[in-house]
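Below is one structure, written out as structure tokens; the observations come after it.
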Amino acid sequence: MRTAPNLESLSVTDEAEDGAPELDRSLAASQQRSDAIEADLAVHPHNYRLLTGDRPTGRLHIGHYFGSIANRVRLQDLGVTSMLVIADYQVIYDRDGVGALQENVLSAVADYLACGIDPARTTIFTHSSVPALNQLLLPFLSLVSESELHRNPTVKEELEHTQGRAMSGLMLTFPVHQAADILFGKANLVPVGKDQLPHIEVTRLIARRFDERYGRADPARPVFGAPDALLSAAPVILGLDGTKMSKSRHNTIEIGMGADETAKLIKKAKTDSERHISYDPQNRPEVSNLVLLTALARGEEPAAVADEIGDGGGGGLKKACTEAVNEMLAPIRQRRAELVADEGLLRQVLREGNERANEVADQTLLEVRTAMQMIY
């Protein structure tokens, strides 16, 4: 497996200490490398192995579709070897229970298949079903310090959110769990947003330290390569209330939602009092969000959509948005309804994906134990 063109990658894990200029340089370098990988993907897709996934904390929505699922289908169709984890263990790192876990997992599988994920080309598996993957946590945890974990932005944000209340050990070590997800399958490509770059850096750090500390099962190559980030070009879609789109905020349009319910939700969406519709995310975020959603559903530019609606006001915008979203999702929802009616098929997809993931994980764990001289 060949890697992407070699470009210098700067760490973003110490951004608080290094200051904004260093962070800007790091982001620029990461974007440059991501752009080079994107160009190479069109020519050498089979040189890449991709890992991505979701936490099954609720139903998937259009933010997931435009932000990640559509891109996963694109990369799969290019010929990139893809692994898609439904991270059920990660549901409990910040929660007291699992909620409707079985329902959410099966719903996610139905969404993936309806949107175009092909289980013959993309391995769909659940975190808890791959013991060898999770066994990697023990040696990986020995390779990072507590202070390094506390510097991770996700961990820092969670600590601030809990207002000083002690976080769980699972939450503190979340970046290491993600490293295990990525490295067990020897993924060299991880689609992320810029805010998730520090997680990739932790993974690269663990891969390098494992090689330095324990050596190699095969003298010719390290057990783990250093994965790269493929930075998402997807625009940020706000929730229908104008705040961050989130399942917990109940401001989303679910992929599997009915057309009538979608229309009702869009009708209640926030706009403003100005009748002329324009695309101005800075000054008119709510209006611009509906313009953007309409444009994405149609495959057009936001400015062109705004010009078309013109003086149609909020009512005209919501009508256009409703029609565009429902038309785009109609075939996906039809296919999804067929899939949901066949739970046996959904479980079969998971069983087969779990089997493939376990084969990969068992081989990786064998290499790890060999390098660590733990074969008896």
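All residue numbers refer to positions in the sequence shown, counting from 1.
Ring to ring, F140 and H177 are not that close: their centroids are 6.0 angstrom or more apart. Aromatic rings of F224 and F184 (six-membered ring for Trp) have centroids beyond the 6.0 Å cut-off, not under it.
Open room surrounds CD on E327; 12 or fewer heavy atoms of other groups in view lie less than 6.0 Å from it. Atom CD of E38 has more than 12 heavy atoms from other residues, nucleotides or ligands within 6.0 Å. Heavy atoms of other residues, nucleotides or ligands lying less than 6.0 angstrom from CG of D311 number more than 12. In Q373, the CD atom is not crowded: 12 or fewer heavy atoms of neighbouring residues, nucleotides or ligands sit closer than 6.0 Å. For Q102, the CD atom is loosely surrounded, since the number of other residues' heavy atoms within 6.0 Å does not exceed 12.
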**OP:** Apply the test salt bridge (charged side-chain N to carboxylate O under 4.0 Å, His left out) to residues R121 and D77: give CA-CA distance (whole Å), side-chain angles for both, the deciding distance (0.1 Å), then the verdict.
**Re:** CA-CA 9 Å; R121 293 181 289 167; D77 292 348; 3.1 Å; yes
Original post:
Run the salt bridge (charged side-chain N to carboxylate O under 4.0 Å, His left out) check on D88 and R55 step by step: do they pass?
Top reply: CA-CA 6 Å; D88 51 352; R55 294 173 64 205; over 6 Å; no
Subject >> T271 and K318: CA distance, side-chain angles, deciding distance, side-chain contact (heavy atoms from CB on, under 4.5 Å) verdict >> reply: CA-CA 9 Å; T271 54; K318 291 178 181 181; 3.7 Å; yes
Subject >> Verdict with supporting geometry, M83 and T123, side-chain contact (heavy atoms from CB on, under 4.5 Å) >> reply: CA-CA 5 Å; M83 304 191 79; T123 299; 4.2 Å; yes
**OP:** Could you go through the salt bridge (charged side-chain N to carboxylate O under 4.0 Å, His left out) check for E359 and R356 one step at a time?
**Re:** CA-CA 5 Å; E359 290 174 3; R356 291 200 298 272; over 6 Å; no
**OP:** Check the pair S107, R336 against side-chain contact (heavy atoms from CB on, under 4.5 Å), reporting the backbone distance first and the verdict last.
**Re:** CA-CA 9 Å; S107 175; R336 188 184 188 281; 2.7 Å; yes
Original post:
Hey, mind stepping through L183 and T364 against side-chain contact (heavy atoms from CB on, under 4.5 Å) and telling me if it holds?
Top reply: CA-CA 9 Å; L183 294 177; T364 300; over 6 Å; no
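Remark: side-chain polar atoms of R33 are not paired, donor with acceptor, to backbone N or O of A28 under 3.5 angstrom. The closest donor-acceptor contact from the side chain of N251 to the backbone of D241 lies at 3.5 Å or more, if one exists at all. Side chain of T243 to backbone of G239: no donor-acceptor contact under 3.5 angstrom is found. Remark: side-chain polar atoms of N354 are not paired, donor with acceptor, to backbone N or O of V130 under 3.5 angstrom. Between the side chain of D54 and the backbone N or O of I86 there is no donor-acceptor pair closer than 3.5 Å. With D272 contributing its side chain and E286 its backbone, the two residues share no donor-acceptor pair below 3.5 Å. Between the side chain of T122 and the backbone N or O of P119 there is no donor-acceptor pair closer than 3.5 Å. Between the side chain of K156 and the main chain of H150, no donor-acceptor pair closer than 3.5 Å is present. Of the possible donor and acceptor atoms, none in the side chain of H199 sits under 3.5 Å from a partner among the backbone N and O of Q196. Without hydrogens or angle criteria, S34 side chain to L231 main chain gives a donor-acceptor distance under 3.5 Å.
For the pair I117 and Q76, the minimum side-chain heavy-atom distance is below 4.5 Å. Under the 4.5 Å side-chain criterion, counting only non-hydrogen atoms from C-beta, T173 is not in contact with L137. Within the 4.5 Å cutoff, the side chain of P191 has no heavy atoms near those of the R72 side chain. The closest side-chain heavy-atom distance from I124 to E352 is not below 4.5 Å. Inter-residue side-chain proximity for D181 and Q90 is flagged as met; some heavy-atom pair is nearer than 4.5 Å. The shortest side-chain heavy-atom distance between Y279 and L292 falls under the 4.5 Å cut-off. P131 places a side-chain heavy atom less than 4.5 Å from the side chain of N358. Counting only heavy atoms from C-beta outward, the side chains of P153 and D195 never approach each other to under 4.5 Å.
Residues E355 and R351 are not paired through a salt bridge, judged by the lack of any N-O separation under 4.0 Å between the basic side chain and the carboxylate. E148 and R209 are joined by a salt bridge, as a carboxylate oxygen and a charged side-chain nitrogen come within less than 4.0 angstrom of each other. Using a 4.0 Å cut-off between charged nitrogen and carboxylate oxygen, R298 and E308 count as a salt-bridge pair. With respect to E261 and K264, no salt bridge is recorded, no charged nitrogen being found less than 4.0 Å from a carboxylate O. Salt-bridge annotation for K186 and E367: present, with a side-chain N of the basic residue lying under 4.0 Å from a carboxylate O of the acidic one. Taking the charged nitrogens against the carboxylate oxygens, R59 and D111 have no contact shorter than 4.0 Å, which rules out a salt bridge. A salt bridge between D211 and R208 is absent, with no side-chain N of the basic residue lying under 4.0 Å from a carboxylate O of the acidic one.
Across all non-hydrogen atoms, the minimal contact from V155 to M167 is O-CE, 3.5 Å. Scanning all heavy atoms of the two residues, the minimum distance from I266 to C321 falls at CD1-SG, 4.0 Å. Annotation for S147 and S145: closest pair OG-OG, 3.1 Å, computed over non-hydrogen atoms. Of all the heavy atoms in A87 and P56, the pair that sits closest is O-CD, 3.4 Å. Annotation for N104 and T57: closest pair ND2-C, 3.5 Å, computed over non-hydrogen atoms. In terms of heavy atoms, G116 sits closest to V73 at C-CG2, 3.8 Å.
For the atom pair OG (S288) and CG (D280), the distance works out to 5.5 Å, reported to the nearest 0.5 Å. Rounding to the nearest 0.5 angstrom, the gap separating the CD1 atom in I332 from the CG atom in L113 is 12.0 Å. The structure places CG of L317 at 5.0 Å from CD1 of I277, a figure rounded to the nearest 0.5 Å. A distance of 6.0 Å separates CG in L265 from CG in L240, rounded to the nearest 0.5 Å. To the nearest 0.5 Å, atoms CD1 (I206) and CD (E201) are separated by 11.5 Å. Distance CG/L138 to CG/L143: 11.0 Å, rounded to 0.5 Å.
In summary, the side chains of Y48 and D228 do not present any donor paired with an acceptor at a separation below 3.5 Å, with no hydrogens or angles considered. A donor and an acceptor atom, one from each side chain of R284 and N289, are nowhere located under 3.5 Å apart. Counting only N and O atoms by type, the side chains of Q135 and R369 include no donor and acceptor under 3.5 Å apart.
There is no path of hydrophobic side-chain contacts, each under 4.5 Å, that joins I255 to L238. Criterion: ILVMFWY side-chain heavy atoms under 4.5 Å apart, direct or through other members. Under it, V368 and M374 are part of a common hydrophobic cluster. Following chains of ILVMFWY side-chain contacts shorter than 4.5 Å, one can reach Y376 starting from L365, so the two form part of one hydrophobic cluster. In the hydrophobic clustering of this structure, L106 does not group with Y89; members are Ile, Leu, Val, Met, Phe, Trp, Tyr whose side-chain heavy atoms approach within less than 4.5 Å, directly or through other members. Placement of V236 and F66 in two distinct hydrophobic clusters is found when ILVMFWY residues are connected by side-chain heavy-atom separations under 4.5 Å, directly or transitively.
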